[in-house]
Amino acid sequence: MEVTENNFERLASYLQQTLSPDPEVRRPAERFIESIEVSQNYPLLCLNLIDRLQVDITIRVAAAIAFKNFVKRNWGYHLDNDGPDKVAESDRNGIKQMIVPLMLKSPSSIQKQLSDAVSIIGKYDFPLKWPQLMDEMIEKFATGNFSVINGVLQTAHSLFKRYRYEFKSQELWEEIKFVLDKLAKPLTDLLQATLGLAEAHANNEEALKVIYGSLVLVCKVFYSLNSQDLPEFFEDNMDTWMKAFHGMLTIDIPCLKTAEDEDAGVLEHLRSQICENLCLYAQKYDEEFGPYMPQFVTAVWELLVNTGIQTKYDTLVSNALNFLSTVADRNHYRHLFEDPNVLASICEKVIIPNMDFRVSDEELFEDNPEEYIRRDIEGSDVETRRRAACDLVKTLSQNFESKIIEIFGQYLQVLLAKYAENPANNWKTKDTAIYLVTSMASKGQTQKLGVTQTSELVPLPQFTQQQIIPELERADVNELPVLKADALKFIMTFRTILGPQIIVATLPLVAKHLAAGNVVVHSYAACAIDKILTMKGPDNKPIVTKEILAPLSAELITGLFAAFTVQGSNENEYIMKCIMRTLNTLQEASLPFMIVVLPRLTEILTVVARNPSKPHFNHYLFETLSLSVKLVCKADPNAVSSFEEALFPVFQGILQQDVLEFMPYVFQMLSLFLEIREGKSAIPDTYLSLFPCLLAPALWERPGNVTPLIRLLCAFVRQASPQISADGKLNGVLGVFQKMIASKSNDHEGFYLMQNLLLHYPTDELGQSMRQIFSLLFQRLSSSKTTKFVRSFIVFLCLYASRVGAQALVQLIDNIQTNMFGMVIERIFIPDINKVSGELEQKIVSVGITKLLCEAPELLSDAYVKFWPQLLQTVIQIFELPPDESNIDGDTFIEIEDVPGYQAAYSQLNFAQAKPIDPLPEVANTRQFLVQNLGKLAQSNPGKIGVLVASLPVAHQEALQKYCAQSGVQLA
């Protein structure tokens, strides 16, 4: 793809179309761009288009996003997926030459995208393949142009922020040292120079905004460089940095204070980042930071007391509170908080004001329920005042429990008394009270169980009966919705502590709130029901059985589906998850409702397939559909045709429209349908017409499709092998096998496909390709040997011996190369057979080795007889020893779970999982199978087998004698 005027125009036109709200216009354009992005010069074309000032800014931004996505998907593809390098070397070099200068002169909307691209490239290439990047960036500090300097700092921040969370390693240490040697001093000099400029331009508002913007980025880079360990340079220059931090925290700059209530200004961002930096030092470098601690505690305290309740200060207040929590948690600073007057002051001036439900919270509750829920019950409230105040209460409660409970207990009574005076007007005081009790009571918490440890000084059952249940008992489910949401959240949070009796009794009260008009309230009701239905008693059985739930079922299902009609809840993931959980609890008791449930689910799927936007909702939708199919078809397997009739048109639309997000789900559900049909009815023509499409290479390029597609292909192989053979499609299937085997990530999928072919495909036709198949496997073994591949290969060889024949296996391998089977025994079976794990896999291996020992005469020939006792030893070890979990020498392969780019990753549907199939059902007891076959072999080879067995180690002989005794077999 040449860098020509014509190509500029074409690319700009397609980028313009990707911005269209009409999916009919947008999707083809997205597909076209995805199809050309691996062409040589494509990324350079994007960068040149970005650089054209005459092009509309929206198209330039779209080009920047397309470029970033190209880098995300392709730059490290060959390293992460063991696949081909998708970026030409000339493109890589061209990008590295162009990207930094282009980024530095671009508008901020483009700069952000290019900065992200630099950080992705840096993750793979920096510093070894891009050593000049640091010098190229640092030299820009001397320009004095803050637009350029801020671009460099933004890139440095993007590049180095991964140091905050990466695991320690020698490679990481070396990279950080390289960066510190280059950057630590220039960054410190830049800090001092910028502070000097801030003083010089004290009255110039516009200049100060840019200067303080730089200081924010300097502080962010400082945090990243100090995250792993305290660098020597920063320890030596701690006084410089701490003096700067203290000055920036305490200085008052009136012209930088904004009239805006919601969006934080540059001063808030700066102070917030400084608090984060102080928190890091207080947590990790306590000893070195100790001398500065008291002055910062005072500065942060004063900052908190003097900061308003506006939303723009939320992150600042949150980070400031986190700093106080960190300090209060250190034994040697406890004295700063011990005085009851200090604790009372903290409570009155810092904690209670930051726990209050503000007007901005109320607006969020009403106008953006999704964000409110995300912050309130999903744990994404890390930067909210309430969460930080709650964490401070927990820290203080751990260290000064009785004093804190006493002080807060008094406030609690005041808050509840104020609410009781006038509930309609003073409901916010009760909201604060409930939040305060939650903070004081919670000691240990898990996502699965909620709070599992509480303070003995807070009587939760009593508080629940007096303050929580009455809110849920109100006749009007729409009255005081925030308190309704609080009460439902309280039940959710303390469900394990309150115990089964109270929780089961509250279930009808919770269920009636599904009818609430407020999105947060009915979402919390659904979420609470979902969590209650997963609770288990001491006997590990659910506390809510189908018998308990059945009387509520009609109200539940009606209420849940009605909630979808409320504006803002059309794709409510909590509602869909609750429907799934309810049907799963009811099991066959849900069948009478299916006549209502299934048409509604199909209708919802048809709508969301047009424009999928809520991944969790979509996942639970497909889970619910899969569960419904299983429940109905368990009662009547023939009902599968009704499901196919209803869902096939929708599935067809998804596949034709190439709806990436839904394709892995569709393949799983088609597999489920076919598996239900297996052994009961012939495969319909609609499936057979779909089969050739499944072999299209484009489908297999998307990592999310691979596992469900392999499963679907295997279902076809099991049920339609004669048709596949008649249509001449075996080569297409073997092409898929070859692609899978070549990939370290997917080789196990290739073996699963071959296992199904071996068991179900016409033997004669498959046999013609078997030599080529084995040659491919040996090729992969010699070029790229991993533990996973070796395990899978051993299982495959043993299955071949079990189903096709042990002698056939030996002869096939020896025909490839003389005495090659001996090498297989010596280099694969004997060293690695005990690495095979999994009950089914170990069964296949033990049966396969037994067959080789007893049914392959070659194993008793002079060439191979020396391996016979060693092979028998490995089988006994499978029975007696746990699997060997170690990796083979040289195996550095790590599974990569997250898929680069925005590819739809594979999401396993729990309710559509395939049942494991035993390929050797005729063997019930593998130990007995071994000794019975050895007995037959001993009879046909008098005197020979006893001598070979006698050469085994004593422990192995004793184990074998035990199996013989249990099975009544004698090895003469």
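All of these numbers come straight from a predicted model, not from anything done at the bench. Index from 1, following the sequence. Because only heavy atoms are used, hydrogens play no part in the values below, and waters and symmetry mates are left out as well, while side chains stay in.
- Using a 4.5 Å heavy-atom threshold, the side chains of Ile468 and Glu471 count as separate.
- Remark: Cys527 SG to Arg581 CZ distance equals 10.0 Å, nearest 0.5 Å.
- We find the CZ-OG1 distance between Phe490 and Thr464 to be 4.0 Å, quoted to the nearest 0.5 Å.
- Proximity of a side-chain donor or acceptor of Asp356 to a complementary backbone N or O of Arg358 within less than 3.5 Å is not detected.
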Assess whether side chain to side chain contact (heavy atoms under 4.5 Å, CB included) is satisfied between Thr438 and Cys390, documenting all intermediate values. CA-CA 8 Å; Thr438 305; Cys390 172; 5.9 Å; no
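- Environment of NZ in Lys418: sparse, with no more than 12 heavy atoms of neighbouring residues, nucleotides or ligands closer than 6.0 Å.
- Note: Gln587 CD to Thr545 OG1 = 12.0 Å, rounded to the nearest 0.5 Å.
- At a threshold of 4.5 Å between non-hydrogen side-chain atoms, the residues Val521 and Val477 do not count as touching.
- Taking all atoms of both residues into account, the shortest heavy-atom contact from Ser227 to Tyr163 is CB-O, 3.8 Å.
- Minimum interatomic distance between Glu479 and Lys484 (heavy atoms only, all atoms of both residues): O-NZ, 3.3 Å.
- Distance alone, capped at 3.5 Å, places no donor-acceptor pair between the Tyr419 side chain and the Ala433 backbone.
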How far apart are the C-alpha atoms of Leu586 and Leu556, what are their side-chain angles, what is the distance that settles it, and do they pass the side chain to side chain contact (heavy atoms under 4.5 Å, CB included) test? CA-CA 11 Å; Leu586 289 170; Leu556 263 179; over 6 Å; no
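- Closest approach of Ala344 and Tyr411 over heavy atoms only: O-OH, 4.3 Å.
- Without hydrogens or angle criteria, Arg330 side chain to Val327 main chain gives no donor-acceptor distance under 3.5 Å.
- Other residues, nucleotides and ligands contribute at most 12 non-hydrogen atoms within 6.0 Å of the CD atom of Gln567.
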Please list every donor-acceptor pair under 3.5 Å in which a side-chain atom of residues 296-310 meets a protein atom from a residue at least two apart or in another chain.
residue : atom : partner : partner atom : Å
Thr298  : OG1  : Pro294  : O            : 3.1
Asn306  : ND2  : Glu302  : O            : 2.8
Thr307  : OG1  : Leu303  : O            : 2.4

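- A salt bridge does not link Lys614 to Glu571: none of the charged side-chain nitrogens sits closer than 4.0 Å to a carboxylate oxygen.
- Side-chain N or O atoms of Thr558 include none that pairs as donor or acceptor with a backbone N or O of Glu555 at under 3.5 Å.
- The line from OG of Ser590 to CD1 of Ile579 is 12.0 Å long, rounded to the nearest 0.5 Å.
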Worked verdict on Asp486 versus Trp427 for side chain to side chain contact (heavy atoms under 4.5 Å, CB included): CA-CA 11 Å; Asp486 289 342; Trp427 58 266; over 6 Å; no
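- Here the closest non-hydrogen pair linking Gln228 and Glu166 is NE2-O, 2.8 Å.
- Tested against Arg385, the residues Asp361, Asn354, Thr315 include a single side-chain hydrogen bond (donor to acceptor under 3.5 Å, both in side chains) partner, Asn354.
- In this structure, Ile491 and Lys531 have side chains that are not in contact, with every pair of non-hydrogen atoms separated by 4.5 Å or more.
- A side-chain donor-acceptor contact under 3.5 Å links Ser628 to the backbone of Thr624.
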Show the numbers, then the answer: is there a side chain to side chain contact (heavy atoms under 4.5 Å, CB included) between Tyr435 and Lys489? CA-CA 10 Å; Tyr435 207 87; Lys489 183 188 171 189; 3.9 Å; yes
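- Side-chain contact between Pro291 and Met242 is absent, with no heavy atoms from C-beta onward closer than 4.5 Å.
- Ring centers of Tyr281 and Phe222: under 6.0 Å apart, within the cut-off.
- Ring centroid separation for the pair Tyr665 and His619 comes in under the 6.0 Å cut-off.
- Figure legend: cation-pi geometry between Arg600 and Phe564 absent, as NZ or CZ is not positioned both under 6.0 Å from the six-membered ring centre and within 45° of its axis.
- Taking the side chain as every heavy atom from C-beta outward, Leu436 and Met355 approach each other to under 4.5 Å.
- A pairwise comparison of heavy atoms in Leu392 and Ile346 identifies CD2-CG2, 4.2 Å as the closest pair.
- Checked by atom type and distance alone, the side chain of Glu362 never pairs as donor or acceptor with a backbone atom of Phe357 at under 3.5 Å.
- At a threshold of 4.0 Å, the pair Arg375-Glu371 counts as salt-bridged, since one of the basic side-chain nitrogens sits closer than that to a carboxylate oxygen.
- The shortest heavy-atom contact between Ala388 and Ser325 is O-OG, 4.4 Å.
- Not one N or O on the side chain of Asn319 forms a donor-acceptor pair closer than 3.5 Å with the backbone of Glu276.
- Of the inter-residue distances, the one linking Asn368 atom CG with Arg374 atom CZ reads 9.0 Å to the nearest 0.5 angstrom.
- With hydrogens and angles disregarded, no donor-acceptor distance shorter than 3.5 Å links the side chain of Asp329 to the backbone of Thr326.
- Residues Lys430 and Leu416 have side chains in contact (heavy-atom distance under 4.5 Å, counting atoms from C-beta outward).
- The closest donor-acceptor contact from the side chain of Asp376 to the backbone of Tyr372 lies at 3.5 Å or more, if one exists at all.
- Under 3.5 Å, the side chains of Gln283 and Asp286 contain no donor-acceptor pair of N or O atoms.
- With rounding to the nearest 0.5 Å, the separation of CZ in Arg271 from CD1 in Ile251 is 8.5 Å.
- A donor-acceptor distance shorter than 3.5 angstrom exists from the side chain of Lys512 to the backbone of Leu472, with no hydrogens or angles considered.
- Using a 4.5 Å cut-off on side-chain heavy atoms (C-beta onward), Leu560 and Ile529 make no contact.
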